[in-house]
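In what follows, chains carry the letters A, B, and so on, assigned in the order in which the sequence lines appear, proteins first and then strands, with residues in each chain numbered from 1. Note that the structure is predicted; figures quoted are calculated from it, not measured.
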Protein chains: 2
Amino acid sequence: MPPDNKNSMTQDRLLKSAEMLFAQKGYDAVSVREITNAAKCNLAAVNYHFGNKKTLYLSVFRERWMPRAQRIRACFEENLAGCGDTSPASVIQSLAEALIKGPLTDKERLCHFQLMIREITNPTEAFEIVTEETMKPSFEGLGQLLQPYLHESIDEERALLNILSIFSMVLYFNFARLPVSKIIGHAYDQPFKDRLVQHIVDFSLSGLPVRENAK
Amino acid sequence: MPPDNKNSMTQDRLLKSAEMLFAQKGYDAVSVREITNAAKCNLAAVNYHFGNKKTLYLSVFRERWMPRAQRIRACFEENLAGCGDTSPASVIQSLAEALIKGPLTDKERLCHFQLMIREITNPTEAFEIVTEETMKPSFEGLGQLLQPYLHESIDEERALLNILSIFSMVLYFNFARLPVSKIIGHAYDQPFKDRLVQHIVDFSLSGLPVRENAK
DNA sequence: TTGACATTCAAACGTTCGTTTGATACAGAC
DNA sequence: GTCTGTATCAAACGAACGTTTGAATGTCAA
C-alpha cells in the first residue's frame, strides 16, 4: 500500500492548481505542463493520478467545486435560521449574504463563480453537476420558500424567473467584477460588498427605487 | 488594383466564420484551420488578410461586434421614441425589447452575447471596446434618463447598481439559455421571449411580486 | 534482505498548433 | 506582350500540445 499522505498530497496540489488555472484561463488555455509546474510535480503526474487532462477537469468539479457549493448552501440555511422567519426579505438577505460575503475567501468565491460561468458557456460533463445537482435543487428549495408569499396569480414559470433574476445578479456581480469596477469606478472592497448585498436585497424586493408619483 | 469584390469576400467570410466559432467555443478552442475550413478558403488566408489569429479575433469585434452593438442601441432609441415619454417603465421596456427581441436574429443575438461573456471572463484588447466604447456610454445614458425619476437619496453608485442589475438579467437570460431551459423545462421560443421581456420589466420596476401584507 | 507495489521522474512519442514560404493565377497599366 | 501588384494555394516550418514509456526511488510485508 502506498503512503496515503504523499499520494493524496500530490493529487491535492494538482486539484488545487488545476482549479485555479482552469478558473482563471479556461480549459483550453491551460496546459498540463502549466498545471504540473504550479503544483510542483512531474508532468506525468496528471496522467498517473487522473488518467488525462479532461478527467482532471471533472475531478476539480467533483472534489472541489461541489463541496464548496454545499458549504454555500449550508451558510444560506444558517443565515435563514438566524432570521427567525422565512419572509422574502429574510430569504433574499440570507441568500445574497451567503453568496457574496458567505463562508468563502474572496479568492475561492471568484474561482467558484468563474468555473460556473465557464461551464455555462462551454458545457462539458461537469455541466450536469452544476445544474442538476446544485442549481436546480437550490432553485426548487427557494421556490418553495417564496411561493406562499407571492401573488396567487404567479404561475410556476414566473416564480422561477424571479429566482433566476436574483441569481443572475449574484452571478453577474461575482464574475463580472472587471467591467463592474470599471463602471462604478472603484474596486470590490468589503464596504462595497456590504452595499452590494443591500442593493440586491432592495432591488429584488422593490425593483428600481422610483419615486411614488413617477411610477 | 485587385477586384475589391473578391478581396473583401474572403475577408468577410473569414470574419463571419471566425465570429461564429469564437462565440461558440472560445478563442483557444478554435483553430485557424477550423476557421478557414468553415470560410472555405486557404489556411494562409488568415495571415494574409489579418496578420495573425489574434488580430482576426480583434477584427471580429471591430468589424462585426461593434456595429451590432450600435444597431441594438439604435433600436432602443427607436423603441423609446415610440413610447412618447422617458418614464422608467418606458426606458426599461424599450431596453429589454431591444436586447431580447430587438433587431437581431436569434443566432446573431446568441453570438453577440456569447462573445461579450467571453470577453468579460477572458479580457483581451477587445475588452476595452466592450466596456469603454459600448457598456459605459450606454449605462451613463441610461443613468441620465432614469436619474430624475429615482429617489433623491439615491447616490450615483446606487443608480449604477440598479442599471447593472437590469443588465445582468438581460445578459444572463441571453447567454445562460442552457441552464435556464433546463430549469424552466422548455426552450427559448417566441412566446417565452415575450414573457421574458415582461418579467424583466416587471421585476425591474417592482422586484418580487410579493403580496402587500407579506413584504 | 528480498520482493511487491505505489509513486516520481526525464525523455520521448505522435499530433496539432500558428505561421511562413515560394509557386501560381489573374487582374489592370503601359 | 510585358510588367506590377493582389490573392490564393499546397507544402513545410518550428513550437507546443497531451500522452506514453521505462527506469529510478521509496515504502512496507514477508
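- In this structure, B:Tyr27 places its OH atom 11 Å from C1' of C:dC17, rounding to the nearest Å.
- With distances taken from any side-chain atom of B:Lys53 to the nucleotides D:dA10, C:dT19, D:dT21, the minimum falls on C:dT19.
- Across the protein-nucleic acid pair, A:Met9 atom CE and D:dT27 atom P stand 13 Å apart, rounded to whole Å.
- With salt bridges taken as basic N to acidic carboxylate O contacts below 4.0 Å, one links A:Arg177 and A:Asp106.
- For B:Cys41, the listed nucleotide lying nearest its side chain is D:dC9; candidates were C:dT7, D:dC9, D:dT19.
- Both B:Val32 and A:Arg33 lie near DNA chain C, and the one whose nearest nucleotide falls closer to the 5' end is A:Arg33.
- Under a cutoff of 6.0 Å and an axis angle of 45°, B:Lys54 and B:Tyr27 do not form a cation-pi pair.
- In this structure, the CZ atom of A:Phe22 is 12 Å from the C1' atom of D:dG18, given to the nearest Å.
- Computed from coordinates, the A:Asn52 CG to D:dG18 C1' distance equals 9 Å when rounded to whole Å.
- For A:Ser31 and D:dC17, the shortest distance from a side-chain N or O to OP1 or OP2 is below 4.0 Å.
- Proximity note for A:Leu43 (side chain, C-beta onward) versus C:dT19, C:dA6, C:dA11: the nearest is C:dA11.
- Taking atom CD of B:Glu34 as the reference point, atom P of C:dC17 lies 8 Å away to the nearest angstrom.
- For the pair A:Phe50 CZ and C:dA6 C1', the interatomic distance rounds to 15 Å; values are reported in whole Å.
- Side-chain N/O atoms of B:His49 include none lying less than 4.0 angstrom from OP1 or OP2 on D:dT6.
- Not one N or O on the side chain of B:Thr134 forms a donor-acceptor pair closer than 3.5 Å with the backbone of B:Thr131.
- In this structure, A:Asn37 atom CG and D:dC17 atom P are separated by 10 Å, rounded to whole Å.
- For D:dA10, the base has a donor-acceptor partner in the side chain of B:Asn42 [N/O atoms by modelled type, under 3.5 angstrom].
- One can place CG of B:Asn47 at 5 Å from P of C:dT19, the figure rounded to the nearest angstrom.
- At D:dT8, one or more side-chain N or O atoms of B:Thr10 fall inside 4.0 Å of OP1 or OP2 (strictly under the cut-off).
- Between the side chains of B:Asp194 and B:Gln198, no donor-acceptor pair is found at a separation under 3.5 Å.
- Side-chain contact between A:Arg158 and B:His199 is present, with heavy atoms from C-beta onward closer than 4.5 Å.
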